[in-house]
2 protein chains.
Amino acid sequence: MQNTPVDQPEVLGLRERKKRARREALIDATHRLVGEHGLDAVTVDAICEEAGVSVRTFFNYFETKDDAALGHAPWQLETPAGEVFAAGGPTGHLMLDLQALAVSFLTDPPIGRERLARAMELAAKEPRLVARHLAWFEQHKGQLFALVERRLGQDGPHTPEMVGSVLLFLTHATFLRWDAAGGHGAADDHLSAVVTELRSILSD
Amino acid sequence: MQNTPVDQPEVLGLRERKKRARREALIDATHRLVGEHGLDAVTVDAICEEAGVSVRTFFNYFETKDDAALGHAPWQLETPAGEVFAAGGPTGHLMLDLQALAVSFLTDPPIGRERLARAMELAAKEPRLVARHLAWFEQHKGQLFALVERRLGQDGPHTPEMVGSVLLFLTHATFLRWDAAGGHGAADDHLSAVVTELRSILSD
DNA sequence: CTGCAAAGTTGCAGTGCGTGTAAAGTTGCA
DNA sequence: TGCAACTTTACACGCACTGCAACTTTGCAG
């Protein structure tokens with residue numbers, strides 16, 4: 001059950017710990033204030049005051065006020081699940097492995113489960129956040145395509161773009177369904193339902 | 001070959017004509033300047049000067065500088081194609097009709113073909129624009145779902161959300177493929193290729 | 001043609017996001 | 001203990017975008 005990525009030291013230095021603490025403090029402060037007053041009524045100044053940090057520092061951590069609400073960090077695709085996928089696993093069956101990867105995106109969020117839940121809650125009320133989230137995905141599409149390309153090689157029947165787009169679609173659709181269910185249930189089950197319905201529509 | 005929506009008079013008043021002319025002038029001015037200097041180097045002030053219009057007026061036409069570059073107008077889903085789809089046509093076969101609708105989105109853009117091509121060109125160089133475009137789609141998702149819901153009724157096997165999402169996926173994927181082909185070829189053909197590959201991936 | 005109501009444009013002042021820069025403070029390490 | 005690398009912070013600035021109130025233009029009825 002331990003979470004020990006290979007190339008990171010088990011115990012972090014003071015500097016790194018402080019950085020993470022600050023990041024989380026900023027996200028929490030944002031969630032607190034936005035949950036109470038709404039996204040547009042909360043200024044970055046207010047968030048920084050709440051978190052006890054200068055405005056300039058805020059923007060060292062997040063590109064955007066919205067990013068803080070969503071807890072966005074630069075996406076790390078070098079996760080164990082990502083590597084397994086690129087290497088041709090876990091089953092060797094493309095569609096199943098895409099599903100496994102999508103599940104890993106949803107169940108091991110870099111932000112932590114409760115914070116993710118808070119972010120989802122806010123996004124449901126503030127459409128702008130959903131848009132920003134999509135934009136963030138878009139920003140990392142290149143990385144994602146590269147990952148898929150490693151898996152496919154350049155000789156397969158499918159284009160990395162198309163496969164990557166399908167992966168994003170599955171992830172997003174599952175996310176929505178999960179959210180609609182109030183965050184209950186396992187990601188696997190929702191994803192299965194999505195795939196089933198997608199197949200049904202296509203072969204209708 | 002004539003384009004005569006039902007509830008609009010054949011000849012427009014001076015007011016309406018001026019409005020459209022201004023909108024197009026603003027889009028063209030934006031395209032000209034952004035194409036030359038890049039999106040971030042062009043201020044709204046500059047665009048307005050180029051178009052001979054006050055800044056305040058600019059924001060009466062567009063929510064955002066980026067919207068002007070993309071030529072975004074509030075989406076009218078009450079198109080002939082939309083109505084046909086909602087009514088169960090044109091073939092009565094869901095998947096085929098989704099494709100027909102997607103094609104109509106791509107071939108009858110509210111903005112006009114050349115302007116759309118210009119916008120695509122800019123979007124390829126400025127990732128922000130793609131993101132904004134997605135956000136704009138997201139804003140109109142509700143309308144789109146409503147349209148799909150009219151078609152499906154509430155008793156069908158599929159959820160409007162899922163069908164709507166598939167529609168967006170098809171449209172977007174086709175758009176990308178079209179763009180990658182340099183804007184050449186018919187939308188139909190690219191869409192068919194997308195559907196074929198999607199089926200192939202899913203049943204792989 | 002005239003005059004009135006509706007719609008549209010404009011300048012202005014203001015809010016707030018986001019960035020460059022340079023100085024001051026912290027942490028890592030020899 | 002002291003130096004090098006990294007962070008935070010204050011300050012100043014540019015620009016996107018908005019509300020408002022005056023002004024101009026268009027549509028239309030008499």
Side-chain angles (χ1 to χ4, degrees), chain A residues 8-27 29-30 33-34 37-70 72-74 126-129 131-132 135-136 139, chain B residues 8-27 29-30 33-34 37-70 72-74 126-129 131-132 135-136 139:
Chain A
Q8 286 183 17
E10 181 65 18
V11 60
L12 292 78
L14 175 56
R15 197 166 264 169
E16 191 60 25
R17 268 181 289 139
K18 272 199 173 178
K19 242 169 97 168
R20 299 197 180 187
R22 258 205 228 283
R23 162 175 287 277
E24 296 186 352
L26 282 170
I27 295 174
T30 306
L33 292 177
V34 172
H37 304 106
L39 189 57
D40 290 319
V42 173
T43 68
V44 174
D45 282 298
I47 295 170
C48 293
E49 193 159 346
E50 175 91 2
V53 153
S54 87
V55 179
R56 197 57 186 79
T57 296
F58 178 95
F59 286 109
N60 287 341
Y61 283 89
F62 302 101
E63 286 182 23
T64 299
K65 183 173 73 171
D66 296 4
D67 280 338
L70 292 167
H72 278 169
E126 310 269 5
R128 258 179 46 209
L129 291 182
R132 176 72 194 168
W136 177 80
Q139 265 193 320
Chain B
Q8 286 182 17
E10 183 63 18
V11 60
L12 293 77
L14 174 58
R15 196 166 266 169
E16 191 60 24
R17 268 180 290 138
K18 273 200 173 178
K19 241 171 95 169
R20 300 196 180 187
R22 260 207 227 282
R23 159 176 290 279
E24 296 186 352
L26 282 169
I27 295 174
T30 306
L33 293 177
V34 173
H37 304 106
L39 189 57
D40 291 319
V42 173
T43 67
V44 174
D45 281 297
I47 296 170
C48 293
E49 193 160 344
E50 175 91 2
V53 153
S54 86
V55 179
R56 196 59 187 79
T57 296
F58 177 95
F59 286 107
N60 288 340
Y61 283 89
F62 302 101
E63 285 181 24
T64 299
K65 182 173 75 172
D66 297 4
D67 280 339
L70 292 167
H72 278 169
E126 310 269 6
R128 259 179 46 210
L129 291 182
R132 176 70 193 171
W136 177 81
Q139 267 194 322

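Quick caveat, the model's predicted, so the values are computed rather than measured. Reminder, nothing fancy here: chain letters follow the sequence lines and each chain counts from 1.
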Applying the Watson-Crick and G-U criteria (both distances under 3.5 angstrom) with [ ] for crossing and | for other-strand pairs, one obtains for DNA chain C ||||||||||||||||||||||||||||||
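The distance from atom CG of B/Asp45 to atom P of C/dC12 is 13 Å, rounded to the nearest whole Å. Rounded to an integer number of Å, the gap from B/Arg128 CZ to D/dA16 C1' is 10 Å. The nearest whole Å value for the distance from the NE2 atom in B/His37 to the C1' atom in D/dC15 is 17 Å.
Taking each heavy atom of A/Asp40 and A/Lys65 in turn, the nearest pair found is CA-NZ, 4.4 Å.
Taking only side-chain nitrogens and oxygens, B/Lys19 comes nearer than 4.0 Å to OP1 or OP2 of C/dG8. In terms of phosphate contacts, B/Lys18 brings no side-chain nitrogen or oxygen within less than 4.0 Å of OP1 or OP2 of D/dT25. Contact between the side-chain N/O atoms of A/Thr64 and the OP1/OP2 oxygens of C/dG18 is found at a separation under 4.0 Å.
Residue-level contact check: A/Val53 touches the backbone only, with heavy atoms under 4.0 Å from sugar-phosphate atoms and none from bases. Across all strands, A/Tyr61 comes closer than 4.0 Å only to sugar-phosphate atoms, never to a base (heavy-atom distances). Across all strands shown, B/Thr57 has heavy atoms under 4.0 Å from base atoms, whether or not it also approaches the sugar-phosphate.
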When you look at A/Glu24 and A/Arg20, which way does the salt bridge (charged side-chain N to carboxylate O under 4.0 Å, His left out) test go after all the steps? CA-CA 6 Å; A/Glu24 296 186 352; A/Arg20 299 197 180 187; over 6 Å; no
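With DNA chain C read from its 5' end, the first of the two nearest nucleotides for A/Arg56 and A/Val42 is the one closest to A/Val42. With DNA chain C read from its 5' end, the first of the two nearest nucleotides for B/Val55 and B/Glu16 is the one closest to B/Glu16.
Distances were taken from every side-chain heavy atom of A/Arg15 (C-beta onward) to each of D/dT18, C/dT27, C/dT21; the shortest belongs to C/dT27. Each of D/dA16, C/dT10, D/dT9 was ranked by its minimum atom distance to the side chain of A/Asn60; first place goes to D/dT9.
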